[in-house]
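Note that ligands are numbered from 1 as they come in the structure, with each ligand's atoms numbered from 1 the same way.
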Amino acid sequence: MKKIDVCLSPDLIELYDLNNKVVVIVDVLRASSTMITALANGVSQIRPFSHVSACQAMRRSGYLIAGERGGDIIDGFDLGNSPLSFLNEKYFGENLAMTTTNGTLAIKLSQKAFKVIIGGIINLDAVAAYLKAQDKDVVVFCAAWKGKVNLEDTLFAGALVDLLTDEFEAECDAPIVARAVYREAKDDIIGYLKNSSHVNRLKKLGIEKDIEFCLTPNKFSVVPELEGDDILLK
Ligand code: 3SL
């Protein structure tokens with residue numbers, strides 16, 4: 001049987017052997033949801049960066065520059081980190097360079113993986129189908145918040161474990177913890193997360209619409225993959 005593991009924070013990733021595994025990067029609020037939405041709406045490719053200056057330099061190569069710090073658009077950038085900006089194919093055919101506090105960092109920490117894919121509640125079923133079709137063990141890598149565990153990424157990991165239960169066994173206790181969180185939350189995900197730390201952070205920025213969007217299951221059926229330096233749809 002294939003195995004599934006869950007890394008609840010980037011600060012724990014050194015404990016996981018990513019060799020020959022498919023890594024699912026998740027930052028439900030909001031980096032992975034933004035990437036999924038952008039690519040589903042025709043953005044050609046997304047290059048992730050952990051540092052602002054390296055990301056900004058991509059403008060010289062014709063990339064649009066997107067990103068946030070503290071949830072707000074970075075000064076001088078074209079776009080922030082809202083999935084809603086990419087709806088209606090507004091940036092169809094564009095290349096995007098992106099830097100966020102946690103999400104793009106988790107991608108950079110996954111270079112040893114066999115494959116890196118991007119997951120969120122908005123493409124949950126598509127990610128589950130993709131993993132079932134692969135002959136590889138899986139690590140769900142939660143971007144979390146500055147090294148601390150968060151509820152929404154844990155919940156996504158648990159939903160995936162739940163969907164894959166017939167074909168994957170838990171490698172340690174983290175998948176079991178995540179699944180328990182998901183089972184408690186599944187009938188009212190938005191209500192369950194209403195007091196979570198990042199939902200509160202984003203509410204202070206007045207972006208409730210982003211929260212609702214990112215927490216709505218299966219808006220898209222695409223599964224973005226990292227190929228070389230860029231994330232794209234194959
Ligand atoms: O940390 C991240 O990668 C971001 O998704 C955080 S925020 O939702 O844009 O504040």
Side-chain angles (χ1 to χ4, degrees), residues 7-13 23-41 43 46-56 58 64-87 91 96-111 116-124 127 140-157 189-190 193-216 219-220 224 226 230-231:
C7 175
L8 292 170
S9 154
D11 282 14
L12 298 172
I13 198 65
V23 171
V24 183
I25 301 288
V26 58
D27 184 2
V28 168
L29 297 173
R30 296 168 289 170
S32 64
S33 303
T34 299
M35 289 172 185
I36 295 158
T37 306
L39 291 165
N41 278 275
V43 164
I46 301 172
R47 190 166 298 185
F49 289 91
S50 14
H51 297 292
V52 171
S53 54
C55 186
Q56 200 154 23
M58 291 303 289
L64 280 176
I65 310 300
E68 62 64 43
R69 286 298 179 271
D72 280 324
I73 183 170
I74 300 167
D75 272 353
F77 272 42
D78 303 311
L79 290 152
N81 186 29
S82 171
L84 305 182
S85 317
F86 292 94
L87 291 175
Y91 297 101
L96 197 68
M98 192 169 166
T99 180
T100 68
T101 311
N102 306 285
T104 54
L105 175 69
I107 295 168
K108 298 313 260 182
L109 293 173
S110 302
Q111 305 290 343
V116 176
I117 65 171
I118 309 297
I121 290 174
I122 60 174
N123 72 343
L124 174 64
V127 171
V140 186
F141 185 178
C142 300
W145 182 258
K146 296 185 178 175
K148 293 185 176 170
V149 171
N150 74 19
L151 210 43
E152 65 275 11
D153 295 344
T154 305
L155 190 155
F156 167 85
I189 289 177
I190 293 180
L193 291 173
K194 74 173 185 301
N195 292 320
S196 64
S197 53
H198 202 48
V199 164
N200 281 328
R201 238 175 256 123
L202 294 178
K203 273 188 192 158
K204 282 187 194 139
L205 298 173
I207 40 184
E208 279 86 351
K209 282 192 177 151
D210 282 32
I211 299 169
E212 198 181 322
F213 184 91
C214 295
L215 299 183
T216 304
K219 281 181 168 290
F220 301 110
L226 185 65
D230 292 299
I231 301 161

Check ligand 1 for close polar pairs with the protein: N or O on both sides, less than 3.5 Å.
from, atom 1, to, atom 2, distance (Å)
ligand 1, 1 (O), N102, N, 2.9
ligand 1, 1 (O), N102, ND2, 2.6
ligand 1, 3 (O), D27, OD2, 2.6
ligand 1, 3 (O), T100, OG1, 2.6
ligand 1, 3 (O), N102, N, 3.1
ligand 1, 3 (O), G103, N, 2.8
ligand 1, 5 (O), D27, OD2, 3.0
ligand 1, 5 (O), L29, O, 3.4
ligand 1, 5 (O), R30, N, 2.7
ligand 1, 5 (O), A31, N, 3.0
ligand 1, 5 (O), N81, ND2, 2.9
ligand 1, 8 (O), L29, O, 3.4
ligand 1, 8 (O), R30, N, 3.3
ligand 1, 8 (O), R30, NE, 3.0
ligand 1, 8 (O), H198, NE2, 2.9
ligand 1, 9 (O), R30, NE, 3.3
ligand 1, 9 (O), R30, NH2, 2.8
ligand 1, 9 (O), N81, ND2, 2.7
ligand 1, 10 (O), H198, NE2, 3.3

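When each of T99, I73, T101 is checked for a side-chain contact (heavy atoms from CB on, under 4.5 Å) with E68, only T101 meets the rule. Results of the side-chain contact (heavy atoms from CB on, under 4.5 Å) test with P224 over L39, V127, I46 single out L39 as the only residue that passes. Each of T216, V28, I36 was checked for a side-chain contact (heavy atoms from CB on, under 4.5 Å) with I121, and the lone residue meeting it is V28. Of the options I118, L226, V140, a side-chain contact (heavy atoms from CB on, under 4.5 Å) to I25 is made by I118 and by none of the others.
Surrounding NZ of K146 are at most 12 heavy atoms belonging to other residues, nucleotides or ligands under 6.0 Å away.
With contacts defined as side-chain heavy-atom distances shorter than 4.5 Å, the pair D210/L202 does not qualify.
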